[in-house]
Number of protein chains: 2
Amino acid sequence: MRDRSSPPTRAGRPSVSASLDIVLCTPQGRALAVLLTPAPAAGRERWMLPWVAMTGAQQLDESAERLAGESLGARPSWIAQVGAFGDDKRHPGGAALSIGYVAVTPGRDRHLAAGAQWHAAGALPALAPRQKAIVDSSVASLRERMDTAPVAFRLLPPTFTLTDLQEVYELLLGRRVHKASFRRSLQAAWLVEPTDEWRSEGRGRPAQLFRYAPRKRRGGRRGVRFELPGG
Amino acid sequence: MRDRSSPPTRAGRPSVSASLDIVLCTPQGRALAVLLTPAPAAGRERWMLPWVAMTGAQQLDESAERLAGESLGARPSWIAQVGAFGDDKRHPGGAALSIGYVAVTPGRDRHLAAGAQWHAAGALPALAPRQKAIVDSSVASLRERMDTAPVAFRLLPPTFTLTDLQEVYELLLGRRVHKASFRRSLQAAWLVEPTDEWRSEGRGRPAQLFRYAPRKRRGGRRGVRFELPGG
DNA sequence: GAAATAGTGTCTCTTAGACACTATTTC
DNA sequence: GAAATAGTGTCTAAGAGACACTATTTC
């Protein structure tokens, strides 16, 4: 039987075993990839999300950033908390409670932690149920936050073509986007500026490289939209 | 000095003291109100959010719902997790880690827990810094989720006038909304249906009562919008 | 020139918001 | 009738998407 709860400390204050788990994401072709590390042989699954046990002395965000850095071999370009996960789902470390973080990085040519590999988010190997839930919430969280945080830009290197950017948006939205409309919206938002560089990718006309350079704050006066799921 | 971390258990598994804190919200005039309970005299602040210590044996969502029910004297009409809060901020119970939940309820004529009172969200008394952060995130979370969850409807009784509904939207959005436009959007979304009842509120033409009855799933094909904060 | 990719001009349709109006109640 | 609140018809401007086009490269 798994030990999921812990006895009170001597002081009488109840405490729980807790972990901090991270979902590192990068674009891989037209899909997202997630970084997994080999799981200890004792476990049921062969792969797991990078995680650390929480000791209570740590800062949440700081610990997440450190764990991400160690797993990736470099600082992630964006990181955010996804939430707390408990319930009955099993965690590889037997933690009663897990705090999930999601982070993104543009490149995959890093010095990954030993044995770590990228796996397509749509075809992940078996994970402990708790970690599967964290991955699902993290991907959903990326989709929700791309409106209000520069997630798409952080999935790209500092300079990128507009087609690159559109493909990241399509990847996150899970649908195709109209090219001309996409570019008009982007121009109206004053989020990118052109560089002097062009990239030639085999055949076809070379594309101009842009960089993320938000200029002004949009009114944010989005209309009232009722996007609730119907009955 | 506060005891914020806990020693490892006998089994050697690190553990932390953790709390579950809830932000109960209800509309109060044109503003949101939050339920607070009297804090123990020992603490620095006179009020606090309802919270419980986590033991690790509990389910997160279930515990939150129970705590909300006990504080409110009735089940909340909607509840969701906001996130995990740690960092250096002090919690009334000295917990090293706190899981925040936000819940809403339409009415304020409940059998509240002893001493509990509603306080306007814009003018809260002093709270422990951790709990202040949880309140701020909870209110922001309500604003973000009203697009995708029926938060506004759960802040209203089962039947309501369209003016009631519009006022809740204005309260959550923090800005005025155009009446005709609001009603057109609402009609297009097939989210409410009229009842046979009308409510006369003193002077003026009586308003028809509606109920929340989502009918069909909208395409959800919202265009790409870049609402990132500008530099 | 063919193929491929980048980038743009114009049209239409939807919709948020402004404005002005009608409708029904209490005083 | 005046005041107050509920509810609606019409116009305009913005913007998303369709379509078709031009531009520049490799083969």
Side-chain angles (χ1 to χ4, degrees), chain A residues 29-30 146-147 156 159-170 172-211 216-228, chain B residues 29-30 146-147 152 156 159-170 172-211 216 218-228:
Chain A
R30 296 267 176 153
M146 62 183 294
D147 276 351
L156 290 170
T159 64
F160 47 84
T161 69
L162 296 188
T163 300
D164 289 341
L165 183 61
Q166 181 173 342
E167 282 173 357
V168 169
Y169 267 88
E170 291 176 342
L172 290 173
L173 290 169
R175 64 181 174 89
R176 300 303 303 275
V177 162
H178 189 263
K179 183 170 65 164
S181 185
F182 179 79
R183 291 172 183 222
R184 271 194 307 263
S185 294
L186 188 60
Q187 191 154 38
W190 290 91
L191 285 177
V192 300
E193 67 183 16
T195 70
D196 290 340
E197 292 176 284
W198 298 73
R199 180 200 295 164
S200 190
E201 201 84 55
R203 262 206 271 222
R205 172 174 168 178
Q208 189 166 20
L209 290 175
F210 288 75
R211 75 167 62 88
K216 68 174 182 187
R217 182 172 296 275
R218 296 220 321 160
R221 282 276 164 140
R222 168 186 90 180
V224 178
R225 298 207 171 186
F226 301 94
E227 302 190 349
L228 308 185
Chain B
R30 297 265 176 154
M146 61 184 294
D147 277 350
L156 290 170
T159 63
F160 47 83
T161 69
L162 297 188
T163 300
D164 289 342
L165 183 61
Q166 181 174 342
E167 282 173 356
V168 170
Y169 267 87
E170 291 176 343
L172 290 173
L173 290 169
R175 63 181 175 91
R176 301 301 305 275
V177 162
H178 189 263
K179 182 170 66 163
S181 185
F182 179 80
R183 292 175 183 220
R184 273 194 306 262
S185 294
L186 188 59
Q187 190 153 39
W190 291 92
L191 285 177
V192 299
E193 67 184 16
T195 70
D196 291 339
E197 292 175 283
W198 298 72
R199 179 201 294 164
S200 190
E201 201 84 55
R203 260 207 274 223
R205 171 174 169 178
Q208 189 166 18
L209 290 174
F210 289 75
R211 74 167 63 88
K216 68 174 183 187
R218 297 220 320 161
R221 284 275 164 143
R222 168 185 94 182
V224 179
R225 297 204 171 188
F226 302 96
E227 304 190 349
L228 308 186

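Hydrogens, waters and symmetry mates play no part in the numbers below; they use all other heavy atoms, side chains included. Reminder, nothing fancy here: chain letters follow the sequence lines and each chain counts from 1.
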Discussion item. Just verifying a value: how many Å separate A:Leu162 CG and A:Glu167 CD, rounded to the nearest 0.5 Å?
Written reply: 11.5 Å
Practice prompt. Mind checking A:Thr163 for me? I need base, sugar-phosphate or nothing, with any heavy atom below 4.0 Å counting as a touch.
Written response: sugar-phosphate
Fill in: Nearest-nucleotide pick for A:Arg183, side chain only, options being C:dG17, D:dA16, C:dA6
C:dA6
Item to complete: Starting from Watson-Crick (N1-N3 plus N6-O4 or O6-N4) and G-U wobble pairs under 3.5 Å, report the runs of at least three that DNA chain C belongs to.
Response: C:1-27 with D:1-27
Worksheet item: Given side chains that start at C-beta, do those of B:Val168 and B:Leu172 come closer than 4.5 Å, heavy atoms only?
Response: yes
Discussion item. From C-beta outward on A:Lys179, which listed nucleotide comes closest to its side chain: C:dA6, D:dA18, D:dA16?
Written reply: C:dA6
Worksheet entry | Distance in angstrom units between A:Arg199 CZ and C:dG7 P, rounded | 11 Å
Response to the item:
Rounded to whole Å, the CD-P distance (A:Glu170 to D:dG17) equals 11 Å
Discussion item. What I want to check is whether an N or O donor and acceptor connect the side chain of B:His178 with the base of C:dA18 at under 3.5 Å.
Written reply: yes
Practice prompt. Report the distance from atom CG of A:Asp164 to atom P of C:dT5, rounded to the nearest whole Å.
Written response: 13 Å
Practice prompt. Give, for atom CG of A:Leu173 and atom CE of A:Met146, the distance between the pair rounded to the nearest 0.5 Å.
Written response: 4.0 Å
Discussion item. How long is the straight-line distance from CZ of A:Arg184 back to NZ of A:Lys179, given to the nearest 0.5 Å?
Written reply: 12.0 Å
Worksheet item: OG1 of B:Thr161 to CZ of B:Phe210: how many Å apart, nearest 0.5 Å?
Response: 9.0 Å
Worksheet item: Does A:Ser185 have a side-chain nitrogen or oxygen under 4.0 Å from the phosphate oxygens OP1 or OP2 of D:dG15?
Response: no
Worksheet entry | Length of the CZ-P vector between A:Phe210 and C:dA6, whole Å | 12 Å
Worksheet item: Between D:dA18, C:dG17, D:dG9, which nucleotide has the shortest distance from any of its atoms to the side chain of B:Ser181?
Response: C:dG17
Using a cutoff of under 3.5 Å, can you pull out all pairs of nitrogen or oxygen atoms linking the protein to nucleotides 25-27 of chain C, with atom names and distances?
unit_1: C:dT25; atom_1: O2; unit_2: B:Gly204; atom_2: N; d: 3.3

Discussion item. Rounding to an integer number of Å, can you tell me how far B:Leu162 CG sits from D:dT5 C1'?
Written reply: 13 Å
Practice prompt. State the CZ-CD distance between B:Arg199 and B:Gln208, to the nearest 0.5 angstrom.
Written response: 12.0 Å
Worksheet item: Can you check the A:Gln208 CD to C:dG7 P distance for me, whole Å?
Response: 7 Å
Practice prompt. Give one of base, sugar-phosphate or nothing for B:Ala180, where a contact means two heavy atoms less than 4.0 Å apart.
Written response: base
Worksheet item: Considering all heavy atoms of both residues, which atom of B:Trp198 and which atom of B:Pro206 are nearest to each other, and what is their separation?
Response: CE3-O, 3.7 Å
Worksheet item: For B:Leu173 and C:dA16, what is the distance between atoms CG and P respectively, to the nearest whole Å?
Response: 13 Å
Fill in: Spacing between B:Phe160 atom CZ and D:dG7 atom P, to the nearest angstrom
12 Å
Fill in: From CZ (B:Arg176) to CD (B:Gln166), nearest 0.5 Å
7.0 Å
Worksheet item: Under a 4.5 Å cut-off applied to non-hydrogen side-chain atoms, are B:Thr163 and B:Glu201 in contact?
Response: no
Item to complete: Assess whether one donor atom and one acceptor atom, taken from the side chain of A:Arg184 and the base of D:dG17, lie less than 3.5 Å apart.
Response: yes
Worksheet entry | Pairs where residues 202-211 of chain B contributes a residue and the test salt bridge (charged side-chain N to carboxylate O under 4.0 Å, His left out) is met, not counting sequence neighbours | B:Glu193-B:Arg211
